[in-house]
Amino acid sequence: MSNVLESLNEEQKRAVKQIQGPLLILAGAGSGKTRVLTNRTAYMIRECGVSPFNILAITFTNKAASEMRRRIDEIVGYGSESIWVSTFHSMCVRILRRYGDRIGYDNSFTIYDTDDSKVLMKDVCKRLKIDTKQSPERVFLWEISHAKDELISEYDYAKKASYDFTLQDTARVYREYQESLKKNNAMDFDDLIVKTIELFKSCPEVLLNYQERFKYIMVDEYQDTNTAQFELVRLLSDRYRNICVVGDDDQSIYKFRGANIRNILDFETHYRDACVIKLEENYRSTQNILDAANSVIHNNMGRKDKTLWTGRGEGEKIHLRQLDSAYDEAEFVVDDIRKNKREGDLEYRDTAVLYRTNAQSRAIEEKLIMAGIPYNVVGGVNFYSRKEIKDLLAYLKVIDNGRDDLAVKRIINVPKRGIGSSSVSKLESFAEANGLSFYEALKRAYMIIPGKSLSKINEFTELIEELRKEAGEVSLEDLVNEILDRTEYIEKLEANDEYDAKARVENIDEFITKVVAFEEGSEDREEDSIGIEDKEREAEDQEERSILSRFLQEVALVADIDKVSEDDNRVLLMTLHSAKGLEFPYVYITGMEEGLFPGYMAISSEDEGELEEERRLCYVGITRAKEHLTLTSARSRMVRGERQYHAPSRFLDEIPVKLFDSNVRKPRIREEDRPYPATVKVQKEVFRTKPYASSSQTSKYRLAEEKKPFIAKAAIKTGKSMLSDCKDELEYGVGDRVRHIKFGDGEVLEIKSGGRDYEVTVKFDGPGVKKMFAGFAKLVKIM
DNA sequence: CGTACTAGTCTTTTT
DNA sequence: GACTAGTACG
């Protein structure tokens with residue numbers, strides 16, 4: 001039994017030993033907080049006689065949870081499996097699966113992801129006859145999500161709206177949305193938290209049960225908690241007040257998602273007797289990297305002052321490069337990776353390429369493929385939100401929970417089985433008029449639907465009933481295969497000769513692989529738990545649930561980062577957000593440009609907090625690097641089909657020049673590279689949101705001008721001259737032979753000047769005559 | 001009822 | 001430039 005205090009520094013030891021009462025650990029990046037948390041857990045159990053059964057550790061991602069689980073198992077050993085290590089969301093699901101019926105839900109409720117919520121919201125708006133042109137669904141969803149983060153119920157919101165009639169539409173939508181969710185026996189992500197709190201407040205005996213259970217609570221990444229999560233933690237810890245939170249206000253990057261930075265800044269006010277410990281020694285990075293990170297973050301106001309330091313020495317200088325285009329930038333990064341691989345003992349997995357937006361991954365991917373370097377992209381389009389996967393999941397959901405109207409509607413005509421929109425809308429109104437679920441309406445379709453369509457509907461419900469019967473008897477894998485067979489899903493997919501049919505089939509295969517893996521995993525877990533005597537093993541709320549329900553639950557809560565595996569020896573590409581909590585010997589931060597990072601939204605916002613959040617993001621990015629950090633920017637890049645010209649990011653100016661490798665001056669945009677003052681997009685944005693200059697805006701522009709003459713000019717110049725600047729001369733004319741990337745070669749028949757762009761008509765040798773815009777088509781003249 | 005084309009949106013970040 | 005939803009037409 002190793003001593004859990006060994007090899008910890010003084011501050012870390014204090015944190016480990018402080019187990020009674022509220023404790024705030026301000027842990028800078030790389031200061032060993034996971035180590036503190038795991039050792040603290042071990043210390044409680046071994047030295048203080050705390051039962052593992054009474055410990056709860058909460059994280060944000062499943063990846064962080066399983067990492068902590070692994071390390072706790074390692075250090076605690078016997079009994080560690082009765083510690084709850086869980087994300088906020090899965091913890092709430094577990095509780096609600098058991099007690100959801102106390103607040104009017106069926107315990108088998110389904111969880112709606114963002115796509116599902118969107119579909120539902122579309123429905124709601126249609127029913128309320130709200131013009132989604134004027135106020136798009138996503139605005140309502142966003143607003144409602146934020147209300148939930150702040151624990152404002154639909155009733156509170158209605159009350160608020162009675163004083164402020166601009167909120168009335170949202171209030172109506174909110175209410176209808178919640179009712180629809182409930183009717184579908186479904187909860188969205190935010191509901192999981194909100195409804196758990198509701199449960200605790202309306203059933204004190206349930207709360208008491210969990211308070212008694214979780215006498216010691218730890219929360220990781222506390223800076224990312226929102227008001228609802230704070231309340232949840234407060235309720236749970238209210239009885240014993242042994243609440244330990246770990247966080248770093250400088251790494252709070254989820255304000256857009258409702259994270260309330262005040263939770264960490266005001267912890268000491270909430271808990272007067274709180275003990276505060278700062279961990280500032282960094283065990284990850286070299287001093288140069290830390291100096292860069294420190295100098296950037298020092299530009300933020302209203303933070304808890306911390307300065308990271310390390311005993312690891314200065315290390316290598318930070319590399320800084322400005323390239324001409326995103327393409328060149330990608331090439332530089334890939335060449336550099338190849339060079340490092342050749343010269344050093346680097347594995348591909350030692351390298352991460354980070355960027356602000358997912359769209360930036362493409363250029364880098366292309367170059368990596370050309371260079372034959374294996375890589376993985378984290379995020380982007382989630383695997384589980386691909387069409388074919390969502391279809392399969394919808395079948396499974398319908399089999400599992402017939403009340404999920406959304407899922408039924410998704411698959412009722414997928415693959416095409418001749419049930420059209422007219423039947424569907426008849427059934428919809430029939431269901432609504434009689435208070436039936438959509439599926440129940442299907443079963444009573446004979447009452448309203450004439451013969452031809454009726455038989456199709458009956459075939460569908462019979463299919464579902466049979467599959468449902470089978471679900472209880474066969475394995476999950478067989479069930480999925482059965483769905484595919486009976487619906488001829490793959491055959492119909494391929495028959496549709498969509499060019500990506502192959503990729504879709506591959507996705508389905510991968511899905512089956514995941515199903516199998518899940519089944520094996522859950523068998524293991526069941527075996528593990530046998531023989532462990534646990535007074536009240538929470539398996540009791542899991543074990544009765546079918547493997548199907550558990551699978552659906554797991555799938556609903558996976559994040560992209562969860563799937564990253566260390567075993568793969570691949571370069572990792574991801575957003576700066578996804579990178580939080582990870583570390584790599586080699587880190588590239590690309591796209592260090594004004595308008596991109598910081599994004600134009602943050603630059604043009606009234607709220608300076610937005611810029612500070614971008615700066616924290618920059619801090620997070622820099623502190624991911626252990627030894628080698630490279631920052632790159634491009635003078636111009638294509639964004640949504642438009643060429644944009646960006647100045648280097650202001651964050652580069654905030655890093656002392658002496659930290660950069662010697663022979664490189666700070667990059668500046670050369671005069672001749674400045675065809676237009678700033679990005680067309682920024683300029684459009686400014687015009688759309690600020691049509692009339694008021695005094696406050698004028699001062700904003702002046703401020704911007706001092707800092708960045710680049711952006712300021714864009715705001716002041718008129719739109720007309722800018723737009724005409726965009727129209728390049730064409731290098732080809734009528735009668736010329738041109739080449740198109742998809743259609744091949746052809747002859748130009750006509751060129752029309754259509755406003756901002758040329759409309760070109762081309763007769764292609766293969767596909768025939770096509771009309772296209774020159775700006776998009778990228779036609780090249782051939783001889 | 002299904003298809004093919006069009007228009008609009010997106011891009012800031014995600015449990 | 002990619003994707004999606006909506007619409008018009010067969």
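So you know, we letter chains A, B, ... as the sequences are listed, proteins then strands, and number each from 1. For clarity, every value in this text was computed on a predicted model and none was experimentally measured. Computed from heavy atoms alone, side chains included, the values below leave out hydrogens, waters and symmetry copies.
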task = Check every strand shown and say whether T87(A) touches a base, only sugar-phosphate, or nothing at a heavy-atom separation below 4.0 Å.
result = nothing
query = Of the candidate nucleotides dT12(B), dT15(B), dT14(B), which contains the atom at the shortest distance from the side chain of T114(A)?
reply = dT15(B)
message = Can you work out whether F256(A) or R417(A) has the more 5'-proximal nearest nucleotide on DNA chain B?
response = R417(A)
ask   = Can you find a donor-acceptor pair, distance only, under 3.5 Å between R257(A) side chain and dT13(B) base?
value = no
key: side-chain N/O S578(A) vs dT13(B) OP1/OP2, d < 4.0 Å   = no
Ring centers of Y254(A), H577(A) separated by less than 6.0 Å = yes
Enclosure of F256(A) CZ (heavy-atom neighbours >12, cutoff 6.0 Å) = yes
query = Strictly by modelled atom types, are Q178(A) and K148(A) linked by a side-chain donor-acceptor pair under 3.5 Å?
reply = yes
ask   = Taking only Watson-Crick and G-U wobble pairs with both distances under 3.5 Å, what dot-bracket line describes DNA chain B, where [ ] shows pairs that cross earlier ones and | shows pairs with another strand?
value = |||||||||......
Selection from dG2(B), dT14(B), dT11(B) that lies nearest to any side-chain heavy atom of N358(A) = dT14(B)
Side-chain ion pair, E612(A) and R303(A), N-O less than 4.0 Å = no
task = For E613(A), report the nucleic acid contact type (base, sugar-phosphate, nothing); a contact means any heavy atom under 4.0 Å.
result = nothing
request  = Answer yes or no for R616(A) and Y619(A): cation-pi contact, defined as NZ/CZ to six-membered ring centre under 6.0 Å and angle to ring axis within 45°.
outcome  = no
query = Under the ring pair (Phe, Tyr, Trp, His ring centres under 6.0 Å) test, which residues partner F597(A), sequence neighbours left out?
reply = F651(A)
inquiry  = Of the listed nucleotides (dT14(B), dT9(B), dT4(C)), which one gets closest to any side-chain atom of K387(A)?
reply    = dT4(C)
inquiry  = Under 4.0 Å, counting only non-hydrogen atoms across every strand here, what does N413(A) touch: a base, just sugar-phosphate, or nothing?
reply    = sugar-phosphate
ask   = Taking for each residue the nucleotide of DNA chain B bearing the nearest heavy atom, is the 5' side occupied by S423(A) or by F88(A)?
value = S423(A)
ask   = Any idea which of dT12(B), dT13(B), dG6(C) is nearest the K122(A) side chain?
value = dG6(C)
